[in-house]
Amino acid sequence: MNVFRLAGDVSHLVAIIILLVKIWRSKSCAGISGKSQVLFALVFTTRYLDLFTVFISAYNTIMKVVFLAMSYATVYLIYMRFRNMYDSENDTFRVEFLLVPVIGLSFLENYAFTPLEILWTFSIFLEAVAIMPQLFMITKTGEAESITTHYLFFLGLYRALYIANWVWRYHTEEFFDQIAVVSGVVQTIFYCDFFYLYVTRVLRGKAKMILP
Amino acid sequence: SQELVRHDEL
């Protein structure tokens, strides 16, 4: 465990908590892509099947269980509890365009052709693109509430810190995970445009982020 | 090993 990894995990946790608390407090999921949240729940489910096969540490187990529970809670709030506030008209990204290539790639490029390894690879590839329905929704409506942008900021920060973690691990442990690093870098690129807007608009005190 | 590291990262 290095400082980048820990900070990355904390950012990830903060992002998910921000979203959950926002939905709970405002009793609304307006502007939130339910599709992205379902994809994230699928990411955690397929990746953390290793909870049943290997024990790494108490930290590892607790964080995995917390991520799983919170992602399912978010999906529950959007599609069940506050479903009448769910903005389905603007959440129109076609997820099959993500799922089909991601499923195909995880069968082609993996560390071992076993169900658990294919599912692990699937989760890594899917996480790289899971935010696209949310970014698509913001582009479509042309705006995002600042709290939604804080969520996206911490999610992007988590990805950036994981890259720093891999650079650190490469130099100190000679660890290099090709699948995770390549898709992690791709994923981080999706946030760059958003980061620019976040710094130039939201951090200058705008209540909403309006796209140019 | 490399595999354990993968399962260690979240």
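Values below: all heavy atoms of this structure, side chains included; hydrogens, waters and symmetry mates excluded. Chain naming here is simple, since letters A, B, ... match the order of the sequence lines and numbering starts at 1 in each.
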Next on the checklist: Please classify the contact between A/Glu127 and chain B as side chain, backbone, both or neither, with a heavy-atom cut-off of under 4.5 Å.
Outcome noted: neither
Next on the checklist: How about CZ on A/Phe176, more than 12 heavy atoms from neighbouring residues, nucleotides or ligands closer than 6.0 Å, or not?
Outcome noted: yes
Checklist entry - If you measure from NE2 on B/His7 to CG on A/Leu116, what distance do you get to the nearest 0.5 Å? => result 7.5 Å
Checklist entry - Is it the case that more than 12 heavy atoms not belonging to A/Glu96 sit under 6.0 Å from its CD atom? => result yes
Item to check | Engaged part of A/Asn60 at the chain B interface, taking heavy atoms whose separation is under 4.5 Å | outcome: both
Checklist entry - Passes side-chain contact (heavy atoms from CB on, under 4.5 Å), B/Arg6 versus A/Ile179? Steps please. => result CA-CA 10 Å; B/Arg6 287 198 283 124; A/Ile179 291 178; over 6 Å; no
Item to check | Carboxylate-amine/guanidinium proximity below 4.0 Å for A/Arg5 and B/Asp8 | outcome: yes
Item to check | Pick from A/Phe67, A/Phe44, A/Tyr162 with the largest number of heavy-atom pairs that fall under 4.5 Å of chain B | outcome: A/Tyr162
Item to check | Close side-chain approach of A/Tyr111 to B/Glu3, heavy-atom, < 4.5 Å | outcome: no
Next on the checklist: Please find the pair of heavy atoms, one from A/Phe175 and one from B/Glu9, that lie closest to each other, and give the distance.
Outcome noted: CE2-OE2, 4.1 Å
Next on the checklist: Does A/Tyr59, at its OH atom, have more than 12 non-hydrogen atoms belonging to other residues, nucleotides or ligands within less than 6.0 Å?
Outcome noted: yes
